[in-house]
Protein chains: 2
Amino acid sequence: MTRDGYKALTMSGLAKSLNVAPSALYNHVGSKQDLLLLIEDSLMGRVDVSAFIDQPWEEAVHTWAHSYRDVFSSHVPLIPVIALLPVTNAPQTLLMYEAVTEGFLRAGWPSERIIDAIVALESFIYGSAYDVNAPDDIFAPGDLAATAPTFTAAVARRSNPGQLSDAHAAFSLGLQAMIAGLAATVDHP
Amino acid sequence: MTRDGYKALTMSGLAKSLNVAPSALYNHVGSKQDLLLLIEDSLMGRVDVSAFIDQPWEEAVHTWAHSYRDVFSSHVPLIPVIALLPVTNAPQTLLMYEAVTEGFLRAGWPSERIIDAIVALESFIYGSAYDVNAPDDIFAPGDLAATAPTFTAAVARRSNPGQLSDAHAAFSLGLQAMIAGLAATVDHP
DNA sequence: ACCTGAACACCGTTCAAGT
DNA sequence: ACCTGAACACCGTTCAAGT
């Protein structure tokens with residue numbers, strides 16, 4: 001279904017791969033938006049929330065965030081859909097949020113701040129999912145390198161200790177920072 | 001130009017608002033993608049980087065991130081474009097990165113980590129720009145509330161001290177956490 | 001209940017023809 | 001150099017007609 005990237009995720013494309021007329025799809029789904037919601041919800045079921053059961057909060061958020069980003073980095077066209085559509089009638093999505101909320105509560109988070117913390121983490125995750133798909137030369141300054149010498153030098157010196165890709169290194173750094181920062185917030189609010 | 005949200009940002013729509021045939025646009029721009037890049041670059045020029053000149057790093061990142069998010073939260077359809085397209089030949093964008101990089105260097109950041117830190121912050125900013133446009137009832141669980149009681153309770157208890165909107169509260173929390181976490185990273189790496 | 005086929009109102013883009 | 005108008009290959013969606 002995701003064979004051809006998302007080029008194929010068109011009503012006619014999907015219809016063709018099912019050997020059916022495009023209009024036939026509307027017997028099973030109200031609109032394309034509906035279809036995307038269905039796919040999105042099934043993907044949410046693949047996000048790993050198991051660490052919230054028995055791991056310390058920092059560990060659990062780390063595992064969850066990595067899994068969440070990995071699932072959606074192969075499905076970037078769905079990000080606007082998840083980011084903007086209500087969770088109503090999305091059972092897997094609700095189960096995911098339920099497990100995460102329970103983990104936060106168990107770690108001693110005040111319930112009034114939990115949703116904000118989850119939303120903040122998700123914002124970072126969605127943005128990072130885009131970043132995974134960025135081309136390697138996204139920061140190549142081209143003809144105008146002379147205009148931004150300091151930046152150009154920093155791009156050239158960018159390096160990560162392990163064998164991580166650039167996107168992975170940025171995600172790791174940001175996630176570690178956000179987890180540490182959030183933990184500090186909840187300790188002395 | 002942004003009058004009708006982004007409904008109007010279609011080649012035919014733009015052509016009509018210029019009282020010209022759609023095909024005439026291709027005398028001035030190679031493709032729609034090109035046009036979006038032009039708009040994106042001009043928006044980058046509106047991001048406030050002035051605080052990097054004379055403010056402490058934490059302050060400067062705070063001001064910059066807020067401005068960055070505000071500029072692009074009114075232009076969400078451009079986010080996939082910024083997130084995935086090279087900065088080549090985008091002069092305003094390069095100037096923005098140059099100012100930010102200089103600010104990081106001045107604050108004592110090691111040059112190999114600066115780009116990763118900027119990318120992490122940007123990922124959070126892009127995700128947050130989406131969130132600003134999310135409907136108020138995005139977490140309304142609907143019929144399935146019983147499936148996720150803890151989450152439903154947390155959503156109901158969500159509250160922010162000031163008069164901030166939900167999206168703003170989540171952005172504030174996340175930004176503060178990330179800034180504090182990044183600062184800690186650079187102090188003892 | 002589920003399908004087809006024609007139709008509609010759109011997209012972005014190309015290209016010959018004009019001035 | 002810049003425009004028009006027709007054309008092309010697509011979109012998502014509707015709807016009468018079939019089984």
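So that the names make sense, note that chain A is the first sequence line, chain B the second, and so on, each numbered from 1.
- Heavy atoms of other residues, nucleotides or ligands lying less than 6.0 angstrom from CD of Gln55(B) number more than 12.
- Put simply, Thr10(B) has a side-chain N or O that comes within less than 4.0 Å of OP1 or OP2 on dG12(C).
- Using modelled atom types, one finds no donor on one side chain facing an acceptor on the other under 3.5 Å when comparing Ser128(B) with Arg69(B).
- As a whole-Å value, the separation of Met11(A) CE from dG5(C) C1' is 17 Å.
- For Arg46(A), there are no salt bridge (Lys or Arg N to Asp or Glu O under 4.0 Å) partners, not counting sequence neighbours.
- Of the N and O atoms on the side chains of Glu122(A) and Tyr130(B), not one donor lies less than 3.5 Å from an acceptor on the other residue.
- Less than 4.0 Å separates DNA chain C from at least one heavy atom of each of the following residues of residues 18-31 of chain B: Ser23(B), Tyr26(B), Ser31(B).
- As rounded to whole Å, 12 Å separates atom P of dC3(C) from atom CG of Leu14(A).
- Counting non-hydrogen atoms of neighbouring residues, nucleotides and ligands closer than 6.0 angstrom, the CG atom of Asn27(A) exceeds 12 such neighbours.
- Per the geometry, NZ belonging to Lys16(A) stands 11 Å off C1' belonging to dC10(D), to the nearest Å.
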(message) side chain to side chain contact (heavy atoms under 4.5 Å, CB included) for Tyr126(A) and Asp131(B)? Distances and angles first, verdict last.
(response) CA-CA 10 Å; Tyr126(A) 296 152; Asp131(B) 192 41; over 6 Å; no

(message) What does the 5'-to-3' dot-bracket notation of DNA chain C look like when only Watson-Crick and G-U wobble pairs under 3.5 Å count, and pairs to other strands show as |?
(response) ||.|||||...|||||.||

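- Taking atom CD of Gln33(A) as the reference point, atom P of dC11(D) lies 18 Å away to the nearest angstrom.
- Contact of the Leu144(B) side chain with the Thr88(A) side chain is not registered, since no non-hydrogen atoms from C-beta on lie closer than 4.5 Å.
- For the pair Arg113(A)/Val186(A), no side-chain contact is recorded, criterion being any heavy-atom separation below 4.5 Å from C-beta on.
- Distance CG (Leu35(B)) to C1' (dC11(C)): 15 Å, rounded to an integer number of Å.
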